[in-house]
There are 2 protein chains.
Amino acid sequence: MTGFLRPESLPLDQQLRARARQVLPGGVYGHMKADHTLPPSWPQFWERSHGPYGWDVDGNRYIDLMCAWGPMVLGYQDPVVEAAAAEQAARGDTISGPSARMVEFAELLTSVIPFADWAMFGKNGNDATSTAIRVARSATGRAKFLKATPAYHGANDWFTPNTTGVPAGERANIGYFAYNDIASLEASVAQHDGEIAAIILTPFQHDALVPQQLVDPAFARRARELATAQGAALIIDEVRSGLRLDLRGAWESIGVRPDMTAYSKAIANGHPIAAVVGSDSLREGASKIFVTGSFWYSAVPMAAGIATVKRAAELDLPAVLKASGERFKQGIEAQGAAAGLPVAITGPVQMPHLSFADDPEMKKVFAFTDAAVRRGVLLHPWHNMFLAAAHTDEVVDEALARIEGAFEELAGLGL
Amino acid sequence: MTGFLRPESLPLDQQLRARARQVLPGGVYGHMKADHTLPPSWPQFWERSHGPYGWDVDGNRYIDLMCAWGPMVLGYQDPVVEAAAAEQAARGDTISGPSARMVEFAELLTSVIPFADWAMFGKNGNDATSTAIRVARSATGRAKFLKATPAYHGANDWFTPNTTGVPAGERANIGYFAYNDIASLEASVAQHDGEIAAIILTPFQHDALVPQQLVDPAFARRARELATAQGAALIIDEVRSGLRLDLRGAWESIGVRPDMTAYSKAIANGHPIAAVVGSDSLREGASKIFVTGSFWYSAVPMAAGIATVKRAAELDLPAVLKASGERFKQGIEAQGAAAGLPVAITGPVQMPHLSFADDPEMKKVFAFTDAAVRRGVLLHPWHNMFLAAAHTDEVVDEALARIEGAFEELAGLGL
């Protein structure tokens, strides 16, 4: 399998990292920082992308199972989406007011998502989650909201996992509970009884560093009941999962509808946009707040979003991704079993998380993903990955063929 | 001058407003909402843009003095910027990590802005201002920051002018002072002595609804002294003014340098990006925080930003805009004087704010801007406007010729 190995060193990437350390604090920051938190083979800087592939600045090609950490869901430079974006860009993008695309995109989202009666747009996933909290507070006149712990919902003062620079008082209005733990949620509701504006939840547990957990339907139903009984808004944060699980909403199949859902990442296949959708009961609360941004009305990402959501509906995208995710999961788990290195894929197969049994210090998963990256498959050691329509059976099979060598290498390390 | 008049009604715009009310809370929200706050002639929905012009969905052309509320600074669809953006888009935009453009843009900004040693990027102006506050808190270990009142710095819980949905406690760490009032700033510093992480200021006073005020250099110098004495960061919010006043920084010519500056809007001529730049003294504080966003690393807006800033330097853009702004100011003030309707242009001429003498209820300015918009010149009754390089002498002169009729109409109303 050594035919798949790229050169060990990435000289242009290293040069750029050195330059970055001069002009970016600590080098690259945020979730895309490679230094210290990712295997040494991970490229920090990327040259180009196409379909299911990314190329690093040194010219090596990867089957990209990160999909830009979620935004790419059809394929990089998807021709249908890019044609819509280019056509709109020729007419206008950031103008002195919105285009008709803003109304059309809101009409499309509220037609695809059964509970949704209105939509608002922003740029960051965090714009969507924090706008949803603002709407809930506006509608209820209450200050508090409840969230699972740790449960990432963005990097603002309320949600960032690193509280450096965040005064404790900034989180005074947040109550906490454990995901999928009904007793914990009930206790948090009881503690803040009558003061709760919202309960915010991801559609499944996708915390970094630990295996993912699907939602327990009984937990989802209890969250719905408690929010309703409290007169609080139930918010689902689908920033990471939108378009991948169920176009109608992640919990539609288990019969649980939220009052608001936050979207971003994939809804325009990589163009920058976020959305909150909500029910009529919150329309007045939403109409009273003031949130805005210089680029929130820009037409190109909305045109791209319309094209992406329509294409997702045409393709039945969640089913497509489920099939390729299942193929990847079965393939890699079989490889791990054969190598005597049992590997688990947790969470929805469309958003797989990789972990090894008996790997408390994560040495195996780091060594394995390091080896996979050197073989041209971009795997992540502690964050969920993402499938896209461009990951055809052939691409998944090529990824698995390359990964075979990573298992061989890991077995040889005797970790 | 009636030859300039567009049709009175905007039927397609009205149809879209009715559709918007069904699927957007209260119709369009935020700073681009036209209903209630802008003259009836203002179009809500825009079809296209080019150079200095925008066209509404009913096909009427306007000389656009709003420049998308700031982002457009060269001209709509500037060929140099769009070529750079298209070239990058063909390679990749939102990928699984940053491109070299991120390093190059940071290198460019730190070379153009003398005090700046590092840069961080976001999407919204608010990302830049709130990241700057986070950095200051990280560096100082303190919670409080001081801001002028009302002083818009974004629409998050700290800064939104409409506090619906914002619990009072969310602003517990903010101290206030009056812009250009040294005694007021000194009193606020004394009140929060030793607890201050940052003082944040716009480079001139550009609050909505009232005439603009240039900064008093003595006030700027005193703010610098007080921040230094407190060990606090001085942050200038150039989100609105960036690239229009001075490429080196708005207060460079008066000898006052901040510790951090927030940029967004114009720095990529309409492509969505924001930046904080800072000095070495804050580098470590900046490197310790966790802020991020799904689209913060996207390459196209960075390629557009590099092209925009380089073009601005080549053109000496602030000087170009100052000349056209001066031409507009002198022209419109002369017209007002001749019509017996003295009009004042306040603030930097590159970002003019329009107001009439003896107009306490703003009836004159609403009627006048309404008449100007019907004559194909997009003027704003209570927010500053923006000049761009595309506003050549010929375009400014055509705007003034059209505005002549608006003065005649206003004179006829006898307000």
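Order of the sequence lines fixes the chain letters, A, B, ..., with proteins taken first and strands second; residue numbering starts at 1 for each chain. Since the structure is predicted, the reported quantities are computational estimates derived from the model, not experimental observations.
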Checklist line | side-chain contact (heavy atoms from CB on, under 4.5 Å) between B:Tyr297 and A:Val28, intermediate numbers included | finding: CA-CA 9 Å; B:Tyr297 311 86; A:Val28 175; 4.3 Å; yes

Between chain B and each of [options], count heavy-atom pairs under 4.5 Å; write down the option with the most.
{"options": "A:Ser49, A:Gly154, A:Ala119, A:Pro98", "value": "A:Pro98"}
{"options": "A:Val239, A:Thr94, A:Asn156", "value": "A:Thr94"}
{"options": "A:Thr160, A:Val103, A:Thr131, A:Ile95", "value": "A:Ile95"}
{"options": "A:Glu47, A:Glu107, A:Lys288, A:Arg101", "value": "A:Glu107"}
{"options": "A:Asp117, A:Thr110, A:Asn269", "value": "A:Asp117"}
{"options": "A:Glu82, A:Met102, A:Met72", "value": "A:Met102"}

Are the side chain of [X] and the backbone of [Y] linked by a donor-acceptor contact shorter than 3.5 Å?
{"X": "A:Tyr29", "Y": "B:Phe121", "value": "yes"}
{"X": "B:Asn162", "Y": "B:Thr164", "value": "yes"}
{"X": "A:Trp69", "Y": "A:His31", "value": "no"}
{"X": "A:Trp118", "Y": "B:Gly27", "value": "no"}
{"X": "A:Asp56", "Y": "A:Asp58", "value": "yes"}
{"X": "A:Asp78", "Y": "A:Val81", "value": "yes"}

Next item on the list: In plain terms, say whether A:Asp35 and A:Arg21 are close enough for a salt bridge, that is, a side-chain N and a carboxylate O under 4.0 Å apart.
Entry: yes

Next item on the list: May I ask you to list the residues in residues 132-140 of chain B that approach chain A closer than 4.5 angstrom, counting heavy atoms only, ordered by number?
Entry: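 At a heavy-atom separation under 4.5 Å, chain A is reached by B:Arg134, B:Arg137, B:Ser138.
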
Note to self: Strictly less than 4.5 Å between heavy atoms, which residues of residues 270-285 of chain B line up against chain A? Please order them by number.
What the structure shows: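 Within residues 270-285 of chain B, the residues that come under 4.5 Å of chain A (heavy atoms only) are B:Gly270, B:His271, B:Pro272, B:Ile273, B:Arg283.
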
Using non-hydrogen atoms only, which part of [X] is less than 4.5 Å away from chain A: side chain, backbone, both, or neither?
{"X": "B:Gln77", "result": "side chain"}
{"X": "B:Ser130", "result": "neither"}
{"X": "B:Tyr152", "result": "side chain"}
{"X": "B:Trp55", "result": "neither"}
{"X": "B:Asp157", "result": "both"}
{"X": "B:Asp64", "result": "side chain"}
{"X": "B:Ala34", "result": "neither"}
{"X": "B:Met120", "result": "both"}

Would you say that [X] contacts [Y] through its side chain, given a criterion of any heavy-atom pair below 4.5 Å between the two side chains?
{"X": "A:Phe145", "Y": "A:Asn173", "result": "no"}
{"X": "B:Leu378", "Y": "B:Tyr53", "result": "no"}
{"X": "B:Phe45", "Y": "B:Asp13", "result": "yes"}
{"X": "B:Asp127", "Y": "B:Ser264", "result": "no"}

Between [X] and [Y], which heavy-atom pair has the shortest distance, and what is it?
{"X": "B:Leu38", "Y": "B:His380", "value": "CD2-NE2, 3.2 Å"}
{"X": "A:Ala233", "Y": "A:Met260", "value": "CB-CE, 4.0 Å"}
{"X": "B:Phe290", "Y": "A:Pro161", "value": "CD2-CD, 3.8 Å"}
{"X": "A:Phe295", "Y": "B:Lys123", "value": "CD1-O, 3.5 Å"}

Which residue out of [options] racks up the most heavy-atom pairs below 4.5 Å with chain A?
{"options": "B:Trp296, B:Tyr76, B:Trp42", "answer": "B:Tyr76"}
{"options": "B:Gly54, B:Gly26, B:Gly97", "answer": "B:Gly97"}
{"options": "B:His50, B:Gln88, B:Met66, B:Gln44", "answer": "B:Gln44"}
{"options": "B:Ala68, B:Ala106, B:Ser99, B:Ala155", "answer": "B:Ala68"}
{"options": "B:Val57, B:Val300, B:Thr292", "answer": "B:Thr292"}
{"options": "B:Ser96, B:Pro71, B:Pro25, B:Ala89", "answer": "B:Ser96"}

Note to self: I'd like to know whether A:Tyr62 forms a ring pair (Phe, Tyr, Trp, His ring centres under 6.0 Å) with A:Trp46, so could you lay out the CA-CA distance, the side-chain angles of the two residues, the decisive distance to 0.1 Å, and finally the verdict.
What the structure shows: CA-CA 11 Å; A:Tyr62 303 85; A:Trp46 295 78; 5.4 Å; yes

Item checked: Spacing of B:Asp93 atom CG and B:Arg91 atom CZ [to the nearest 0.5 Å] -> 12.0 Å

Check: Run the side-chain contact (heavy atoms from CB on, under 4.5 Å) check on A:Phe386 and A:Val73 step by step: do they pass?
Finding: CA-CA 8 Å; A:Phe386 299 87; A:Val73 73; over 6 Å; no

Item checked: Residues in residues 165-172 of chain A near chain B [non-hydrogen atoms, under 4.5 Å] -> A:Gly165, A:Val166, A:Pro167, A:Glu170

Note to self: Under the rule for salt bridge (Lys or Arg N to Asp or Glu O under 4.0 Å), what residues qualify as partners of A:Arg142, not counting sequence neighbours?
What the structure shows: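 Expected list: none.
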
